[in-house]
S.K.: 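Could you have a look at this structure, given as structure tokens, before my questions?
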Amino acid sequence: MSQDIRNTSQRAEDAEDRGSSPATGPTLGDIVAARFGRRDLMKGLLGVGAISATLGPAALASGTAAAQGAASAFAFRELDSTPTDRAEVAEGYNAEVLIRWGDAVLADAPAFAPTTQTAAAQARQFGYNNDYLGYFPVPGAANPSAHGLLCVNHEYTNEELMFPGLGRQDAAGPLGREKAFAGMTKELAAVEMMAHGGSVLEVRRTGERWQVVAGSRYARRITAETPMEITGPAAGHPRLQTSADPTGRRVLGMLNNCAGGRTPWGTWLSCEENINGYFSGRLAEGHAETANYRRMGIPGRWMNWGDYEPRFDLSKEPNEPNRFGWVVEIDPFDPTSTPKKRTALGRFKHEGAAGIVARGGQYVVYSGDDERYDYVYRFVTEGRVSGDRTRDMNLLDSGTLSVARYNADGTGDWLPLVFGEGPLTPANGFNSQADVVIEARRASDLLGATRMDRPEDVEANPRTDKVYVMLTNNNRRKADEVNPANPRADNRFGHIVEMLPDGRDHAAPRFTWDILVRCGDPSIAAVGATFNSRTTKDGWFGMPDNCAIDADGRLWIATDGNFPNRTGRNDGVWAMETEGERRGTSKLFFKCPFGAELCGPEFTPDGETFFVALQHPGETDPEDPNAAPAIYENPATRWPDFSPDMPPRPAIVAITRKGGGKIGS
């Protein structure tokens, strides 16, 4: 496909391909070369086999008994991986659409009208490209797993899929030349702004069916215009002050919210990821933020909002980008509450904010920075979880943010990003903790953190205390850049790293690690995939993105980037064995319709419902020269109940087992 018709998600891929990290540190690996030999590195052969031979399974000994024998932890008949234009689930399960883009969230929402969309309507309807899903039982529910709130991130918009006849915008490429956005208007941009943010839905299960509760008092839409509070070390700092907000403590909206998390005190953590794409214009010559914005890829101009809204134009509001790229905490039970951007957790392209309580009672949040050659982070609160919701609501405003360094001997270190420690001093341009969190990427560069292959979701298993890091891909990694934690050059299919904190304490300064699996087709030797030999031809996958751990401590993997011409399969959900003889074996459970990405896997507490989010169904593969230029010319990709003039819509799907019971058992 020509580079001048890239869609929105491909523009994000382009930015991730480039990789803005200038760090060289340990990733070139003098220590790795010394340990494994330059010849193996140059051949790109350093992988699970080499690491296991050196580190061995004992590197992740957790004190828990490994599963014995070869019995599978997942009792379902595996799906066939043949590409399809319809969503499919394993035999014996129901998969039903719960809500789609344009459906009502608020009681006064008008009916969805794809050819006459308005910002006012979209602000009341379900937003676009649903990503993270978080389930919160309604207090006092007779069955907490059958009545709850579902919190949803709306990550970004695809103009070519949203607006019939518009076609792909930004036709001149990511720098946005004069001919770009020829079909966009201020009114369409306003619709896009309202399609971002998030939704809070009250949902209830009756029998095997789930429904959104109409007219719920909890229902809420959050958009790019929703007022939010900035808290933590960067709040009020001059670098966050604008003409609209001279206090540096208030901001409108959240952008590009990808994965997220749930806290023990019942709040929703929503993560701002590729915020660079929303900004246009140029900074003044020699502006103090020039290097900072270059490190974040600002301006990206994937959207042309800056043509209509001054705050997205760097020449008019040069500090506005520093107000995005944070973790946002939201109280789903109070639709009048003000969301808070918790700056103590650092500013970068957050993918996920999954947490777990440490042995000492601190709350620990793990997050990936989703760009090639960027980092894995951890935040440990200063205070301890008390169980008092009011008291715990501000725990995320103080604590220690750290970045991961993966050592060649299978150990790892959390390197604290603390002002005044090591290189994080005025000599290097850091004058306070505010500067450190605003430029968390640059601080991590200076500390020598390990540059990873697009770290996305990071989840901790409360049963084993193992932490799983989804590394989607990095086809820009060269042979002399491989290291034990990123063992393949031209890593097109990604891998999964498994970590275990010392003493099984998530606040510990060190950890051990191993690679659970290198992804891709194991039948092609050059790919270097390392799935367990029990994995079938349908069971392997590429591009792990999100993950979920169910009530039984089992790992489920969601993918992004599997197209028929890349891997011969659709994106979907795979169940992954992590213990015993079947460790590294996966099975295909659910697959998306063609062009859709699988996001937000989330279980109810009893494990009997599995919610998944389908983004951009029908999107064409940017690497396929035969792909149709507009989705409206390919009606086969629509959901079965769509009318002929209805575009395929992002949706949430509720999966239950026929006759009841736990998913996968």
Side-chain angles (χ1 to χ4, degrees), residues 62-64 134-137 139 144 151 229-235 259-271 326-334 337-346 350 352-368 376-404 412-421 433-434 436-437 440 458-468 499-512 549 551 553 605:
S62 65
T64 59
Y135 180 86
F136 297 79
C151 296
E229 182 182 353
I230 300 170
T231 72
R262 290 177 282 108
T263 68
W265 49 94
T267 58
W268 160 29
L269 301 182
S270 184
C271 297
W326 306 102
V327 173
V328 185
E329 185 171 16
I330 304 162
D331 184 353
F333 297 100
D334 181 2
S337 62
T338 301
K340 295 177 170 58
K341 296 197 178 186
R342 302 295 194 184
T343 65
L345 278 72
H350 284 273
I356 192 167
V357 178
R359 289 198 166 188
Q362 308 99 314
Y363 193 57
V364 178
V365 179
Y366 291 99
S367 190
V376 175
Y377 292 87
R378 182 191 72 172
F379 178 79
V380 180
T381 62
E382 180 180 314
R384 290 166 170 75
V385 178
S386 68
D388 181 330
R389 190 170 195 260
T390 302
R391 178 181 173 184
D392 292 342
M393 286 286 277
N394 292 313
L395 277 176
L396 297 180
D397 272 345
S398 57
T400 302
L401 178 67
S402 300
V403 65
D413 299 283
W414 289 110
L415 310 175
L417 279 73
V418 177
F419 170 67
E421 295 187 6
Q433 186 63 20
V436 172
V437 296
V458 185
E459 298 269 350
N461 187 329
R463 290 203 168 201
T464 65
D465 287 308
K466 293 178 180 178
V467 180
Y468 295 93
M499 304 159 61
L500 182 71
D502 282 5
R504 296 181 63 177
D505 181 2
H506 291 273
R510 306 199 78 206
F511 57 90
T512 52
I549 295 165

S.K.: Could you pull out the closest heavy-atom pair between P139 and F333, with the gap in Å?
M.R.: CD-CE2, 3.5 Å
S.K.: Side chain of R384, backbone of A358: donor and acceptor closer than 3.5 Å?
M.R.: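 Checked: no pair found.
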S.K.: Salt bridge or not for E329 and K340, using N-O below 4.0 Å?
M.R.: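 K340 and E329: not salt-bridged.
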S.K.: Closer than 4.0 angstrom, basic N to acidic O: yes or no for R359 and D505?
M.R.: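 D505 and R359: not salt-bridged.
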S.K.: Distance from Y363 atom OH to T381 atom OG1, nearest 0.5 Å?
M.R.: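 Answer for the OH-OG1 pair, Y363 versus T381, is 9.5 Å.
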S.K.: Do P264 and V357 have side chains that approach each other closer than 4.5 Å (heavy atoms only, starting at C-beta)?
M.R.: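 Of all side-chain heavy-atom pairs linking V357 with P264, at least one is under 4.5 Å.
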S.K.: Which pair of heavy atoms, one from Q362 and one from A507, lies closest together, and at what distance?
M.R.: NE2-CB, 4.0 Å
S.K.: Does any part of the side chain of I356, heavy atoms only, come nearer than 4.5 Å to the side chain of Y366, both counted from C-beta?
M.R.: yes
S.K.: Any donor-acceptor pair under 3.5 Å linking the side chain of R262 with the backbone of G355?
M.R.: no
S.K.: State, with a plain yes or no, whether a side-chain heavy atom of F511 is found less than 4.5 Å away from one of W414.
M.R.: yes
S.K.: Which residue pairs pass the side chain to side chain donor-acceptor pair (under 3.5 Å) test when at least one of the two sits in residues 391-402, sequence neighbours left out?
M.R.: T231-D397, R342-N394, R342-D397, S386-D392
S.K.: Does any non-hydrogen side-chain atom of V365 lie less than 4.5 Å from one of V327?
M.R.: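 With C-beta onward as the side chain, the pair stays apart.
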S.K.: Find the distance between CG (D388) and CH2 (W265) and round it off to the nearest 0.5 Å.
M.R.: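 With rounding to 0.5 Å, CG (D388) is 12.0 Å from CH2 (W265).
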S.K.: Kindly indicate, with the supporting measurements, whether the criterion side chain to side chain contact (heavy atoms under 4.5 Å, CB included) is fulfilled by V467 and N461.
M.R.: CA-CA 6 Å; V467 180; N461 187 329; over 6 Å; no
S.K.: Using every non-hydrogen atom in the two residues, find where C151 and F136 come nearest and quote the distance to one decimal.
M.R.: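 Closest heavy-atom pair between C151 and F136: SG-CE1, 3.6 Å.
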S.K.: Inspect the contact between D502 and R510 and indicate whether a charged nitrogen and a carboxylate oxygen are less than 4.0 angstrom apart.
M.R.: no
S.K.: Hey, does P605 have a side-chain heavy atom less than 4.5 Å from the side chain of Y135?
M.R.: yes
S.K.: To the nearest 0.5 Å, what is the distance between CD1 (I549) and OG1 (T464)?
M.R.: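 Answer rounded to 0.5 Å: 7.0 Å.
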S.K.: Can you name the nearest heavy-atom pair linking R378 to H506, along with the distance?
M.R.: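 Closest approach of R378 to H506: NH1-O, 2.7 Å.
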S.K.: Using 4.0 Å as the upper bound for N to carboxylate O, is an ion pair formed by D331 and R389?
M.R.: yes
S.K.: Roughly how far apart are W326 CH2 and L345 CG, rounded to 0.5 Å?
M.R.: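 Result: 9.5 Å between the selected atoms.
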S.K.: Applying salt bridge (Lys or Arg N to Asp or Glu O under 4.0 Å), can you list everything that pairs with E382, at least two apart in sequence or on another chain?
M.R.: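 Counting only residues at least two positions away or on another chain, E382 forms no salt bridge (Lys or Arg N to Asp or Glu O under 4.0 Å).
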S.K.: Salt bridge (Lys or Arg N to Asp or Glu O under 4.0 Å) with E459: which residues, sequence neighbours excluded?
M.R.: none
S.K.: Looking at G260 and C271, what are the two nearest heavy atoms and their distance?
M.R.: CA-SG, 4.0 Å
S.K.: Is it the case that the side chain of S270 and the backbone of V328 share a donor-acceptor pair, with hydrogens and angles ignored and the cut-off at 3.5 Å?
M.R.: no
S.K.: Show your reasoning for whether side chain to side chain contact (heavy atoms under 4.5 Å, CB included) applies to L396 and F379.
M.R.: CA-CA 9 Å; L396 297 180; F379 178 79; 4.1 Å; yes
S.K.: State whether the side chain of Q433 and the backbone N or O of L417 hold a donor-acceptor pair below 3.5 Å, judged by distance alone.
M.R.: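 At least one qualifying donor-acceptor pair exists.
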S.K.: Walk me through it: do V403 and V376 pass the test side chain to side chain contact (heavy atoms under 4.5 Å, CB included)?
M.R.: CA-CA 6 Å; V403 65; V376 175; over 6 Å; no
S.K.: I'd like to know whether M499 forms a side chain to side chain contact (heavy atoms under 4.5 Å, CB included) with T512, so could you lay out the CA-CA distance, the side-chain angles of the two residues, the decisive distance to 0.1 Å, and finally the verdict.
M.R.: CA-CA 6 Å; M499 304 159 61; T512 52; over 6 Å; no
S.K.: Quick one: closest heavy-atom pair of A234 and V437, and the distance?
M.R.: CB-CG2, 4.0 Å
